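For the numbers below, each heavy atom of this structure counts, side chains included, while hydrogens, waters and symmetry mates do not. Quick caveat: nothing in here was measured; it's all calculated off a predicted structure.
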Amino acid sequence: RKRRPEIVKLFEEDQYGRSPGRPAGMSFDLFDKGTPAFEGKAIRRQVTVFFSPDKNGPKMDLLVYVPAAAKKPVPMLLNLSFSANSSTVNDPGIKAGEIWGRDKKRIPASQGMSFGRMDVVRLLERGYGFATVYYGDIDPDFDGGIPLGVRALYLKPGQKEPAPDEWGSIAAWAWGLSRAMDYLETDPGVDAKRVAIMGVSRLGKTVMWAGANDTRIAMVIASCSGEGGAALSRRNYGETIAHLTAPSRYAYQFCANYRRFAEHPDQSPVDAHMLVALMAPRPVLLQTGDRDFWSDPKGEFLAAVAAEPVFRLLGKEGLGTDQWPEPGQPILRTLGYYMHAGGHGTLPSDWDQFLKFMDLHLRPER
């Protein structure tokens, strides 16, 4: 009750930045109220989440599927995607999306590259629902994008960028996941108390912060979140705070205060094990690759080891070992770790472990 809010505040002030709460003027437009999909295996819903009363302002499209045969609200995997919904799922009924193009303007999703297409039917057959949102709907992923995303709604008159302890893009994307949770709490087909969130790379960092910050989220699956996510900064291995906060790279993704620790990560009041611990007692799975040296897979493992006392304090299991496992050897307890043989991102075989972890903790009724 006392220490957890203190740690959250430290991450807000020194790494991700403070975010606002639910906007008073937010509204949902459920423009697809329930359409059969995937040969009748699913019911599809699509909703536009307007972040302000201005319908021309920032908004995001949320795509939701639930198993058609479900008799009760189902647990859900909420995915934060690098791609528009229409590129993430192979379903001709999805609204054609837009993405940010290389010239920093919105273009049809069909003209851009697609990352991370999802096998929704596999989740449905396992008893889960699936939802996804394009991160660029919330905030653009480039320097100078503040006027084009949700953060512009919260600038004071004359203010051009957030204060040094206010949100960067990662905190904005995490905020958007909380707004998706706001909708899912209203969906009669979704058990909003059993929602897992998933993201890869910088979106792995995002889901770690979203889960730490929003305790409604029941589970986090973070893929290769690395530095600024689940990897220990004090190891100073692979990507570092200095790399992240360099003006030519990703400083905009964090609050401006974060760069104070670029050359001295040991002076930061927080490190990744504290971020992992903020998920306790809720389950979190860290997935990495043994050749993803830039993201420091061992640093993620050591962060999980160091977070274990908090899970035990709250009556749950940590990893139960301080010996770094070989690739392909999952540790699936309340705190989970899985390292595939390979590089950055997820492999199709990783989904076997994701689903085992979800089955272990979210238990869909079949």
Note to self: Tell me whether the rings of Phe142 and Trp100 are parallel (<30°), tilted (30 to 60°) or perpendicular (>60°).
What the structure shows: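 Perpendicular: the ring planes of Phe142 and Trp100 meet at over 60°.
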
Notebook entry, point to check: Between Tyr154 and Trp175, how do the two ring planes meet: parallel, tilted or perpendicular, split at 30° and 60°?
Noted result: perpendicular

Spatial distance of atom [atom1] ([X]) from atom [atom2] ([Y]) [nearest 0.5 Å]:
{"X": "Tyr258", "Y": "Gln253", "atom1": "OH", "atom2": "CD", "result": "10.5 Å"}
{"X": "Leu77", "Y": "Thr132", "atom1": "CG", "atom2": "OG1", "result": "8.5 Å"}
{"X": "Ser87", "Y": "Ile99", "atom1": "OG", "atom2": "CD1", "result": "6.5 Å"}
{"X": "Ile331", "Y": "Gln323", "atom1": "CD1", "atom2": "CD", "result": "10.0 Å"}
{"X": "Ile138", "Y": "Met60", "atom1": "CD1", "atom2": "CE", "result": "5.5 Å"}
{"X": "Arg333", "Y": "His361", "atom1": "CZ", "atom2": "NE2", "result": "10.5 Å"}

Side-chain heavy atoms of [X] within contact of [Y], under 4.5 Å:
{"X": "Phe50", "Y": "Pro23", "result": "no"}
{"X": "Glu13", "Y": "Cys255", "result": "no"}
{"X": "Phe354", "Y": "Leu332", "result": "no"}
{"X": "Met358", "Y": "Leu285", "result": "no"}
{"X": "Tyr128", "Y": "Leu362", "result": "yes"}
{"X": "Asp61", "Y": "Val47", "result": "no"}
{"X": "Asp91", "Y": "Val120", "result": "no"}
{"X": "Tyr337", "Y": "Pro325", "result": "yes"}

Next item on the list: I would like to know whether Gln15 and Asn257 meet side-chain hydrogen bond (donor to acceptor under 3.5 Å, both in side chains); could you show each step before the answer?
Entry: CA-CA 7 Å; Gln15 186 162 333; Asn257 281 343; over 6 Å; no

Item checked: From Asp187, Asp29, Asp32, residue fulfilling salt bridge (Lys or Arg N to Asp or Glu O under 4.0 Å) relative to Arg45 ->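 Between Arg45 and the candidates, salt bridge (Lys or Arg N to Asp or Glu O under 4.0 Å) is satisfied uniquely by Asp187.
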
Looking only at atom types and distance, does a side-chain atom of [X] sit under 3.5 Å from a main-chain N or O of [Y], one as donor and one as acceptor?
{"X": "Thr88", "Y": "Ala84", "answer": "yes"}
{"X": "Glu239", "Y": "Asp296", "answer": "no"}
{"X": "Arg249", "Y": "Ala246", "answer": "no"}
{"X": "Arg216", "Y": "Ser178", "answer": "yes"}
{"X": "Glu300", "Y": "Gly226", "answer": "yes"}
{"X": "Thr245", "Y": "Ile241", "answer": "yes"}
{"X": "Arg282", "Y": "Met279", "answer": "yes"}
{"X": "Tyr183", "Y": "Thr48", "answer": "no"}
{"X": "Lys205", "Y": "Gly228", "answer": "no"}
{"X": "Glu308", "Y": "Leu319", "answer": "yes"}

Please determine whether a side-chain nitrogen of the Lys or Arg among [X] and [Y] lies less than 4.0 Å from a carboxylate oxygen of the Asp or Glu.
{"X": "Glu125", "Y": "Lys41", "value": "yes"}
{"X": "Asp214", "Y": "Arg179", "value": "no"}
{"X": "Asp191", "Y": "Arg194", "value": "yes"}
{"X": "Lys9", "Y": "Glu6", "value": "no"}
{"X": "Asp266", "Y": "Arg234", "value": "no"}
{"X": "Lys298", "Y": "Asp290", "value": "no"}

Note to self: Go through it in stages, so that I can follow the logic: the residues are Glu166 and Arg151, the test is salt bridge (charged side-chain N to carboxylate O under 4.0 Å, His left out), and I'd like the CA-CA distance, side-chain angles, deciding distance and then a yes or no.
What the structure shows: CA-CA 10 Å; Glu166 290 181 329; Arg151 291 182 291 164; over 6 Å; no

Note to self: Apply side-chain contact (heavy atoms from CB on, under 4.5 Å) to residues Phe130 and Leu78 and explain how you reach the verdict.
What the structure shows: CA-CA 6 Å; Phe130 175 79; Leu78 170 58; over 6 Å; no

Any luck finding a side-chain donor-acceptor pair between [X] and [Y] under 3.5 Å?
{"X": "Asp139", "Y": "Tyr252", "answer": "no"}
{"X": "His340", "Y": "Ser349", "answer": "no"}
{"X": "Ser223", "Y": "Gln287", "answer": "yes"}
{"X": "Ser233", "Y": "Glu227", "answer": "yes"}
{"X": "Gln46", "Y": "Asn85", "answer": "no"}

Minimum heavy-atom distance [X]-[Y], with the two atoms named:
{"X": "Ala280", "Y": "Val310", "answer": "CB-CG1, 3.9 Å"}
{"X": "Gly101", "Y": "Ile107", "answer": "CA-CD1, 3.9 Å"}
{"X": "His273", "Y": "Ala306", "answer": "CB-CB, 3.6 Å"}
{"X": "Ala231", "Y": "Ala272", "answer": "O-CB, 3.3 Å"}

Margin query: As a quick check of understanding, evaluate side-chain contact (heavy atoms from CB on, under 4.5 Å) for Ile217 and Val195, giving each step before the final call.
Written below: CA-CA 6 Å; Ile217 292 165; Val195 176; 5.8 Å; no

Margin query: Measuring centre to centre across the rings, with the benzene-like ring taken for any Trp, is Tyr65 within less than 6.0 Å of Phe38?
Written below: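 Yes, close enough.
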
Next item on the list: If a pair satisfies ring pair (Phe, Tyr, Trp, His ring centres under 6.0 Å) and one of its residues is in residues 211-240, list it, with sequence neighbours excluded.
Entry: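 The answer is none; no pair qualifies.
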
Margin query: Could you go through Leu335 and Val284, starting from their C-alpha distance and side-chain angles, then the distance that decides it, and tell me whether this counts as side-chain contact (heavy atoms from CB on, under 4.5 Å)?
Written below: CA-CA 5 Å; Leu335 184 50; Val284 55; 3.3 Å; yes

Margin query: A cation-pi test, strictly: NZ or CZ of Arg202 under 6.0 Å from the centre of the six-membered ring of Tyr250 and no more than 45 degrees from its axis. Yes or no?
Written below: yes

Item checked: cation_pi(Lys59, Phe51) dist<6.0 Å, angle<=45 ->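 Relative to the ring axis of Phe51, which defines the angle, Lys59 lies outside at least one limit.
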
Next item on the list: Among Tyr134, Trp173, Tyr135, find the residue that satisfies the ring-ring contact (aromatic ring centres under 6.0 Å, His included) test when tested with Phe82.
Entry: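 The ring-ring contact (aromatic ring centres under 6.0 Å, His included) with Phe82 is passed solely by Tyr135 among Tyr134, Trp173, Tyr135.
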
Next item on the list: Mark yes when over 12 heavy atoms from residues, nucleotides or ligands other than Glu326 sit less than 6.0 Å from its CD; otherwise mark no.
Entry: no

Next item on the list: Write out all pairs satisfying salt bridge (charged side-chain N to carboxylate O under 4.0 Å, His left out) with one or both partners inside residues 96-110, taking only residues at least two apart or from two chains.
Entry: Glu98-Arg106, Arg106-Asp137

Next item on the list: Show your working on side-chain contact (heavy atoms from CB on, under 4.5 Å) between Phe11 and Met274 and close with a plain yes or no.
Entry: CA-CA 9 Å; Phe11 273 105; Met274 298 164 75; 3.9 Å; yes

